[in-house]
Amino acid sequence: MRNLINKIRLASSTSIILFLLFVIISCQNKVNITNTEPEKEILNQLQALKGKGILFGHQDDLAYGIGWSYIEGESDVKRVTGDYPALFGWELGGIEEDRLVNLDSVPFSYMRKLAVWGHQSGGINTFSWHPFSAVNGENSWNTETIVVNKILPGGSHHNEFLVHMDRLGNFLQSLKTDDGKNIPFIFRPWHEMDGSWFWWGSSTCTNEEFKELFRFTVEYLRNEKELDQMAVAYSPDRNFSTIEEYKTWYPGDDVVDILGMDDYHDFKLPNGTDLIVHKLHMIFEFSKTNNKPVAFTETGLENVTDSTWFSQKLGAVLNDPLVKKELSYVMVWRSDPRVHFYFPYPGHPSASDAKKLLDQPNILLLEDFNTLISESLD
Ligand code: BMA
């Protein structure tokens, strides 16, 4: 009798344990999005999808491509893969001068419309900014004149810079749905500061001036322009070999939401993919201290001159086991037939190779992204 009772006890405790295990495993498989505040939407999505897939992005994807421009619904990524990217990159250079089109001729009113469409279709928008200087109106690549210390508070051109900031902020504020809701977005100011090619780069301002500029920009947009729906990305280029070097220009956890890196050049080196993976690993390590998503904010091969670049080079990076687990998104640069392109078009020798990489279940295009998010909300 006692034996029988013991057996029953054992059987029921085993089923309880099995049931609990089942509950734990099902919960782990579910992407949990608990905080639904609008300003946290993007960060929550990125955190929730970590390890489930890497969002694929393309700059100016919906605006123009190879052999077309400003055709509603068009996209080179869609032409090649059958779906839109999950992340849409846009460029704001020129907004600070009140221009109607950006420095690459994209009308700001059209950009706004496309960004709203991208958001309403379930994608994420990220904005870069190559501003003209508030000191002399020169473009971002002019490093002849010192700009940063003149536009900071107390500097000779601070007031002119404030006019630029207001115009930038007004545009970002205007990113709203038809029923007036602010759309969340990523802003990636003052990128590639570790290089010497921009007026905010390492040869034309001190590290401390840079940090002050970054902080001032973010605080102005958050406090004066009330852009709570903005997530901010920090993205040096490849010029770091330790995490301390990566943090040389880091303005602080309170003004950065996403830890990024741009890197085109390392891909051209013989051991380039290993170098890139190593750099991303260092950023993952840093992200453990502040729990911020990590992104490969810009990359690509100019004019995609290697027809296996997507599967063999970018693929080698994205399929590294830790990168698969930790990276939130990757974005390739724009495809402008007048200048250069970074994503192939149908018929291009690299088209099937790019499709092969983007067809991988862990590389997320718009529909994949929507599916994962809706599963997480069930
Ligand atoms: C660069 C190039 C330029 C462009 C700029 C801003 O890398 O593509 O032609 O003006 O980005 O989009």
Side-chain angles (χ1 to χ4, degrees), residues 57-70 75-77 85 87-112 114-115 118 124-134 137-143 147 164 167-168 171-172 175 185-204 217 233-239 260-268 295-305 309 314 329-345 348:
H58 186 210
Q59 180 80 356
D60 281 349
D61 185 77
L62 302 169
Y64 55 82
I66 307 300
W68 64 275
S69 54
Y70 309 110
S75 146
D76 278 354
V77 171
L87 180 94
F88 301 102
W90 304 108
E91 166 57 37
L92 295 165
I95 198 73
E96 68 289 344
E97 291 212 328
D98 222 6
R99 299 185 183 194
L100 294 179
V101 300
N102 79 355
L103 77 169
D104 304 320
S105 314
V106 181
F108 285 110
S109 57
Y110 197 62
M111 187 189 298
R112 179 188 299 114
L114 294 177
I124 292 179
N125 291 290
T126 173
F127 292 87
S128 52
W129 188 31
H130 292 76
F132 293 88
S133 145
E138 291 288 347
N139 70 33
S140 295
W141 294 266
N142 188 311
T143 52
V147 176
H164 282 191
R167 291 174 179 152
L168 168 75
F171 178 78
L172 294 173
L175 298 168
F185 62 89
I186 298 169
F187 182 46
R188 190 170 64 94
W190 314 123
H191 64 303
E192 299 176 9
M193 74 303 282
D194 55 321
S196 53
W197 44 88
F198 294 135
W199 50 249
W200 57 90
S202 58
S203 65
T204 30
T217 304
Y234 168 75
S235 65
D237 201 63
R238 64 186 177 96
N239 297 299
M261 171 181 82
D262 289 5
D263 197 343
Y264 297 82
H265 183 81
D266 283 340
F267 273 120
K268 296 180 194 141
F296 196 176
T297 36
E298 257 190 62
T299 188
L301 173 65
E302 191 169 35
N303 300 335
V304 206
T305 48
W309 185 83
L314 186 58
Y329 63 85
V330 60
M331 188 177 81
V332 296
W333 203 238
R334 66 198 197 102
S335 291
D336 180 346
R338 297 166 309 173
V339 187
H340 46 202
F341 64 95
Y342 289 85
F343 195 81
Y345 47 87
H348 183 272

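Numbering of ligands and ligand atoms starts at 1, following listing order. Basis for what follows: all heavy atoms, side chains included, without hydrogens, waters or symmetry-related copies. Worth saying up front: this structure is predicted, and the values here are computed from it rather than measured.
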Handout entry: Asp194 and Ser202: side chain donor to acceptor below 3.5 Å
Key = no
Fill in the blank from the handout: d(Ser69 OG, Asp60 CG) to nearest 0.5 Å is 11.5 Å
Problem - Glu91 (side chain) donor-acceptor with His130 (main chain) under 3.5 angstrom - result: yes
Run through all N or O atoms in ligand 1 and write down each protein N or O closer than 3.5 Å, as a pair with its distance.
residue  : atom   : partner : partner atom : Å
ligand 1 : 7 (O)  : Trp333  : NE1          : 3.2
ligand 1 : 8 (O)  : Trp333  : NE1          : 3.0
ligand 1 : 8 (O)  : Arg334  : NE           : 2.8
ligand 1 : 8 (O)  : His340  : NE2          : 2.7
ligand 1 : 9 (O)  : Arg334  : NH2          : 2.8
ligand 1 : 10 (O) : Asp104  : OD1          : 2.5
ligand 1 : 11 (O) : Trp333  : NE1          : 3.3
ligand 1 : 12 (O) : Asp104  : OD2          : 2.6

Handout entry: side chain to side chain contact (heavy atoms under 4.5 Å, CB included) against Leu301, all qualifying residues, sequence neighbours excluded
Key = Thr305, Asp306, Trp309
Handout entry: Pairwise distance CZ(Arg238) to CG(Asp262) - rounded to 0.5 angstrom
Key = 11.5 Å
Handout entry: Whether Asn125 side chain and Ala115 backbone form a donor-acceptor pair below 3.5 Å
Key = yes
